[in-house]
Every structure is written in C-alpha cells, then in structure tokens.
Amino acid sequence: MCVANAGITTTIAPAHRMSIEQWQRDIDVNLTGAFRTVQACNRRHARSVATGASSSSPSLAALGGLPGQVAYAASKAGQLGMVRTLAGENAGRGITANAVLPGLVATEQVLTMPRM
C-alpha cells in the first residue's frame, strides 16, 4: 500500500491577498507532492494507492472550499480528482485508489486559525 501523507495548511489569507509564492508552496506540497508519491507507487505496481490523514488528504475543503485557504482547498480538490482518475486508470489492473476526506480536527494549529 502506498499512502501520500505530507501536507501543509499554513497559508491563511483571502484569495485577493494571497501571494503567488504562498499559492505555489501549498500547491507544490499538497498536490504535486501527492502526485509524485502516487506516481512512484504506480511504477512499482503497488496494490493500493491512497491519500489519507489530516492535512495531506483531500479533506472536506475539496468539496466545500475553506474561507481564507484558497490554495489549500484547490490542492485538496486536485487530489480528489487525481484519486478518481487513478482509480479509473488502474481498475483493470487490480490496483485501488482511495481518498479520505476528513473534516477539521481540533488540534492546536486548527484552534489558532483565524476565523474568516
């Protein structure tokens, strides 16, 4: 099994104030990082590919957005689309692809996030 489990959710800014550098960092870590992980797993013919656990998984932000975190929400929606595509591409080979979409967990970091 392969799990893409690295991510960040530290950029908190309305879309009109987010810098391109902040956008790019979130997309690079959350989406491109997950892609590179599952791509390597596919090359090794892993039996199951999943994105899961806290900030790296697609999360509910993929479906409903998350005010103040446009790059995070976009990266999670991208992960969801990626997992659905991987599932379709690999179904005939017996390789599964799954996504876990957790909500926010009241961690120290989440509790200090500003309300938008």
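These values consider heavy atoms only, across backbone and side chains, with no hydrogens, waters or symmetry-generated copies. If you read the sequence from its start, that first residue is 1, and numbering goes on from there.
- Closest heavy-atom contact between Ala87 and Ala97: N-CB, 3.7 Å.
- Checking side-chain atoms of Thr32 against main-chain N and O of Val29 turns up no donor-acceptor pair under 3.5 Å.
- For the residue pair Ser75 and Leu31, the shortest heavy atom distance occurs at O-CD1, 3.9 Å.
- Looking at Val70 and Trp23, their side chains come closer than 4.5 Å, going by heavy atoms from C-beta outward.
- Glu89 contributes atom CD, which lies 11.0 Å from atom CE of Met82 (distance to the nearest 0.5 angstrom).
- Here the closest non-hydrogen pair linking Met18 and Gln22 is CA-OE1, 3.5 Å.
- Legend: residues meeting side-chain hydrogen bond (donor to acceptor under 3.5 Å, both in side chains) with Gln39, ordered by chain and number and at least two apart, are absent.
- Interatomic distance, Asp28 CG to Arg36 CZ, rounded to the nearest 0.5 Å: 9.5 Å.
- Here the side chain of Asn30 pairs a donor or acceptor atom with the backbone of Ile8 at under 3.5 angstrom.
- If you check the side chains of Asp26 and Thr11, you find a donor sitting under 3.5 Å from an acceptor.
- Nearest heavy-atom pair, Ala71 versus Ile27, reported as atom, atom and distance to 0.1 Å: O-CD1, 3.7 Å.
- Between the side chain of Gln24 and the backbone N or O of Glu21, no donor-acceptor pair lies under 3.5 Å.
- Taking 4.5 Å as the limit, every side-chain heavy atom of Leu80 sits out of range of all side-chain heavy atoms of Lys76.
- Closest non-hydrogen pair, Gln79 versus Ala34, comes out as NE2-CB, 3.7 Å.
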